[in-house]
Amino acid sequence: MEKGLLYWIGYILEQYWPYFIKGMFVTLWISILGTLLGYVLGFLTGLVQSTPVSQEDSRKKKVVYGTLKLICKVFVAVFRGTPMMVQAMVIYYGLKTSGVDISPFTASILVLMLNTGAYMAETVRGGIISVDKGQLEGGFAMGMSHSLTMFTVVLPQAFRNIIPEMVNMFLTNLKMTSELNVIGVAELYFTTKTAAGTYYRYFEAYIICALIYFILCTFFTNLLSYVEKKTFVNKDYELAVEYMDNAE
Amino acid sequence: MNNQSQSVLKVEHLVKSFGTHQVLKDLDFSIKPKEVVCIIGSSGSGKSTLLRCINGLETKTCGNIYFHGEKLGSGSKELNKFRTQVGMVFQSFNLFNNMTVLQNCMTGTTKVLKISKDESKFRAIKYLRQVGMAPYINAHPEQLSGGQKQRVAIARALTMQPEMLLFDEPTSALDPEMVGEVLQVMKQLADGGLTMMIVTHEMGFARDVSTRTIFMDNGYIVEDDIPQNIFSHPKNPRMQEFLKRYIKNLDNK
């Protein structure tokens, strides 16, 4: 008698659950580390790209920023213009042939970081543009330098504006790590492939895989939106009664 | 006496062009200590641009600005130092949205003047008290009304203890009920002897509070005189025409 879907799912899980769990954690590690590092890279790139360089600036500043801006521009163009799967191959095997032996795991984090960084750069730039120009001028009018105003006033507001997009990026990354199986990193998709191949039970194995991805994504969606709400709730203010003397 | 007669701010041959359009056409004037100068004129006459050129928010095309007789360079360090001494209040307030009222009033003093936190807080509260906003130290800008925001912005500018304040249409974004509270604060400052330059559409305020009124039209300073002369005996036909529209309002007040 033909055995049913549930039987096979149960069977694969029974045989392979430690691998699925391990794959899940590898996926988590790659996406969390890669995304966080990518955020940092993206912030730096976005900052460089949105730093204005005017005619009156010193020659040194013009040269330094000119070069940096060019590097950032090329970086963003390349990593937004090619598929991540291809980037993974090129970087991993490219490094291998040039004598740098890195593990697939490290390579995965590197690729994800660069990919996230490129998209994040544009997001950060957008976030900075979205902050009213008056905020900068308010700082300038008190003698604050451009960088001081950026860091104390504009970036905190830009950051607030791009958080939903950052969360979005993390969730996308969580799923995109599956593409990294091409360089042989044992993440969730890779382990599923192994399990499926052993019993020739592709449908059942990938149902399990899909479920795990779905659970992970749902969990992080809820967790992150909860954290966002808790962190950025605008509390009612209390009047400072000790200074009420001449209040209206 | 010598100190009295010397100007705080002197503007020479100031020209500002946006592309081919010349907004300020060779302006010359100076401001003496404790003067309250109101700049009036129709929209597009270059009033705001003039203020923005003075404190470097717009880069002037040519001309020189002297502060206490010293020529202001174009370097950012020099400009930032100048800005701590000549503050500015904006039409759109420009309070930092990510900070409370108190933090807004402490940023300049702690980060630019490098004054200790305690001293900064003391100063912030002193000036917030002066504008009647001290009880609101924990509020965020979006929780305040326009008039309250502008009063906080004035207090914030005062925490730097500037020698002079520039006001760029401080009441234009406010509804009529809130204009009064802001003008009252500004009158207080004028009475206290602060040097001020105010771009405004409040003719009553210009007439009653300013020690000097400048009428600008089409990028030129057309009249520059004590307000009594400007408002009672305008010489220039353009000025007469401009004032006609406001005379009714003035008489009602």
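By convention in this document, chain letters (A, B, ...) are assigned in the order of the sequence lines, proteins followed by strands, and residues within each chain are numbered from 1.
Both the backbone and the side chain of A:Leu239 come within contact range of chain B, with heavy atoms under 4.5 Å apart. Proximity to chain A (any heavy atom under 4.5 Å) is restricted, for B:Thr59, to the side chain, taken from C-beta onward.
Expressed to the nearest 0.5 Å, how far CG of B:Leu9 lies from CD of B:Glu35 amounts to 10.5 Å. Atom CZ of residue B:Arg151 and atom CD of residue B:Gln130 lie 12.0 Å apart, to the nearest 0.5 angstrom.
Per-residue heavy-atom pair counts under 4.5 Å with chain A were compared for B:Val89, B:Asn55, B:Leu95, and the maximum is reached by B:Leu95. Your options are B:Asn138, B:Thr107, B:Asn98, B:Thr84, and the one with the most heavy-atom pairs under 4.5 Å with chain A is B:Asn98.
The aromatic rings of B:Phe67 and B:Phe82 sit perpendicular, their planes meeting at an angle over 60°, well past the 30° parallel limit.
In this structure, B:Arg156 forms a cation-pi arrangement with B:Phe96, its terminal cationic atom sitting closer than 6.0 Å to the ring centre and no more than 45° off the ring axis. Remark: A:Lys73 fails to qualify as a cation-pi partner of A:Phe75 under the 6.0 Å distance and 45° angle criteria applied to the six-membered ring.
Against chain B, the residues from residues 125-136 of chain A that qualify, each with a non-hydrogen atom under 4.5 angstrom away, are A:Asp132, A:Lys133, A:Gly134, A:Gln135 in number order. Within residues 153-172 of chain A, the residues having any heavy atom less than 4.5 Å from a heavy atom of chain B are, in residue-number order, A:Val153, A:Pro156, A:Gln157.
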Quick one, A:Ser178 with A:Leu188, criterion side chain to side chain contact (heavy atoms under 4.5 Å, CB included). Give me CA distance, side-chain angles, the key distance, then yes/no.
CA-CA 7 Å; A:Ser178 62; A:Leu188 184 56; over 6 Å; no
Side chain to side chain contact (heavy atoms under 4.5 Å, CB included) between A:Glu187 and A:Asn181, intermediate numbers included:
CA-CA 7 Å; A:Glu187 42 66 58; A:Asn181 78 85; 3.3 Å; yes
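With sequence neighbours excluded, the residues that form a side chain to side chain contact (heavy atoms under 4.5 Å, CB included) with A:Ser103 are A:Phe105, A:Thr106. Partners of B:Tyr66 according to the side chain to side chain contact (heavy atoms under 4.5 Å, CB included) rule, which considers only residues two or more places apart in sequence or in another chain, are B:Lys10, B:Glu12, B:Asn64, B:Lys71.
The 12-atom threshold is exceeded at CZ of A:Phe79, counting heavy atoms of other residues, nucleotides or ligands nearer than 6.0 Å.
Checking each of A:Thr123, A:Thr35, A:Asn173 against A:Thr116 for a side-chain hydrogen bond (donor to acceptor under 3.5 Å, both in side chains) leaves exactly one that passes, namely A:Asn173.
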